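Everything on this sheet refers to the single structure shown next.
In this text, all values refer to a predicted model and were calculated from it rather than measured experimentally. Letters A, B, ... are given to chains in the order of the sequence lines, protein chains preceding strands, and every chain is numbered from 1.
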Amino acid sequence: MNTIALRPPYDFARSIRFWRRSTGELCEQWADGVYRRVIVFDAKPTVLALHNVGTLEAPAVTVELDERPATVDETARLAPLVRGLLADDSDVLGFYAAVADDPPMAALTERLRGLRPNRSPLWETLCWTICGQQISVAFAYMLKERLVRRYGAGVAVAGRTLYAFPAPAVLAAADPAELAAMQFSANKASFIIGLAQQLEARTLDLEGVASLPTNEAITYLTSFRGIGRWTAEFTLLRGLGRASALPANDAGVRQAITALYGQKLPEPELRVFAQRWDGWGGIVALYLLASLRKDE
DNA sequence: TTCCAGGACGACA
DNA sequence: TGTCGTCATGGA
């Protein structure tokens, strides 16, 4: 059977659409209850499709590769990757228990039960987060779409084209003027190209970040030009599902706390306020941001 | 017109 | 070390 069982509770649809807020997204698609993304499988760009075949309390997905069912063997090989993408190791029950005495947050976890921090590849996440610095989400999506369409590799299957996010080697050689023509600011263009070049030169080790504690990972990432604390925390949350990475300076997080707790807090005070969620700040941010959605 | 969006950098005191 | 101006764009 090509089914992968997941840890409950898991709301597949809610968790997928949490990060998917644009129909123009080229690297991943969410349509008709199916999540698709390009992966490299057997050294070949392949469209991975995940179908929800479970429930909130008995979650499971089936796997397709290039629009055909994966074999039992392929499913077994893909299971670690799929579990990673779907944040299967995320201890949301531990989070729910930790905030049980915090009525507003407890009510939110009840309403959004099963929401987990689904992940995207770290390099793609870092670039996406830089795209999103200071501007509206809609405009950030447009920047990413232009970047991927220009530098990414398309994979067409069954009349549908998805793109692999451009590899560091490709962006390391990109012309800043081309990014400027796509309406990237001069800073954002130089941040992305510069980080790609440092990855190529191995002076930036993104894979090693996964093994660092959150605080050390933030310190490491923010030592590179273009990565401030917000970018580091957001990257850790979306790229690694890091439960303790709270982007306290995020406009949406601040807005949600104001709505939920009636307190309008600047970043330093918010970090003090957030100590009540020690170790769960990233998951808290996820639930806070989701609470702002009209469709949730 | 001004302010604010899923900020970061560099100059300056 | 902390503050401020600047970068980019679009919507309210």
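To the nearest angstrom, C1' of dC9(B) lies 10 Å from CD of Q133(A). Straight-line distance from the CD1 atom of I130(A) to the C1' atom of dC7(C): 15 Å, rounded to whole Å. When rounded to the nearest whole Å, the span between NZ of K144(A) and P of dG6(B) equals 17 Å. Taking atom CZ on R238(A) and atom C1' on dG6(B), their separation rounds to 11 Å, with Å as the unit. A straight line from CZ of R254(A) to P of dG6(B) spans 10 Å, rounded to a whole angstrom. Distance L237(A) CG to dG6(B) P: 15 Å, rounded to the nearest Å. Separating the CG atom of L126(A) from the P atom of dA8(B) is a distance of 11 Å, rounded to the nearest angstrom. Nucleotide dA5(B) holds its P atom 11 Å from the CG atom of L292(A), rounded to whole Å.
OP1 or OP2 of dA8(B) sits under 4.0 Å from a side-chain N or O of T231(A). Checking the phosphate oxygens (OP1, OP2) of dG10(B), a side-chain nitrogen or oxygen of R225(A) falls inside 4.0 Å.
For A186(A), whose side chain is taken as the heavy atoms from C-beta onward, the closest listed nucleotide among dA5(B), dA8(C), dA8(B) is dA8(C). Between dT9(C), dG7(B), dG10(B), one nucleotide has an atom nearer to the side chain of Q183(A) than all others, and that is dT9(C). Relative to the side chain of S185(A), the nucleotides dA8(C), dG6(B), dG10(C) differ in distance, and dA8(C) lies closest.
One donor-acceptor pair, N or O on each side, does fall under 3.5 Å between the base of dA5(B) and the side chain of Q134(A).
Listed by first and then second residue, the salt bridge (charged side-chain N to carboxylate O under 4.0 Å, His left out) pairs that reach into residues 246-265 of chain A come to none, sequence neighbours excluded.
Annotation: the span from I16(A) atom CD1 to L86(A) atom CG amounts to 5.5 Å, rounded to 0.5 Å.
Comparing T222(A) and W230(A) against DNA chain B, the residue whose closest nucleotide sits nearer the 5' end is W230(A). Each of F224(A) and G252(A) has a nearest nucleotide on DNA chain B; the 5'-most of these lies closest to G252(A).
dG6(B) and dT3(C) have their C1' atoms separated by 24 Å, given to the nearest Å. For the C1' atom pair drawn from dA5(B) and dG2(C), the interatomic distance equals 25 Å after rounding to whole Å. Nucleotides dA8(C) and dA11(B) are separated by 16 Å at their P atoms, to the nearest Å.
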Do R113(A) and E57(A) pass the salt bridge (charged side-chain N to carboxylate O under 4.0 Å, His left out) test, and can you show the C-alpha distance, the side-chain angles, and the key distance before you say yes or no? CA-CA 10 Å; R113(A) 182 177 173 82; E57(A) 301 301 337; 2.8 Å; yes
Given the rule in the side chain to side chain donor-acceptor pair (under 3.5 Å) test, do R119(A) and T125(A) qualify, once you have shown the distances and angles that lead to the verdict? CA-CA 9 Å; R119(A) 297 170 195 157; T125(A) 302; over 6 Å; no
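Under a cutoff of 6.0 Å and an axis angle of 45°, R293(A) and F18(A) form a cation-pi pair.
Ring stacking holds between F234(A) and dG6(B), with the centres under 5.5 Å apart and the planes within 30 degrees of each other.
Nucleic acid contact for Y141(A): none, since no nucleic acid atom lies under 4.0 Å from a heavy atom of the residue. F191(A) comes within 4.0 angstrom of the backbone, heavy atoms only, and of no base. At a threshold of 4.0 angstrom between heavy atoms, the contacts of L289(A) with the nucleic acid are absent.
In summary, of the residues considered (L48(A), T75(A), V157(A)), a side chain to side chain contact (heavy atoms under 4.5 Å, CB included) with L65(A) occurs for L48(A) alone.
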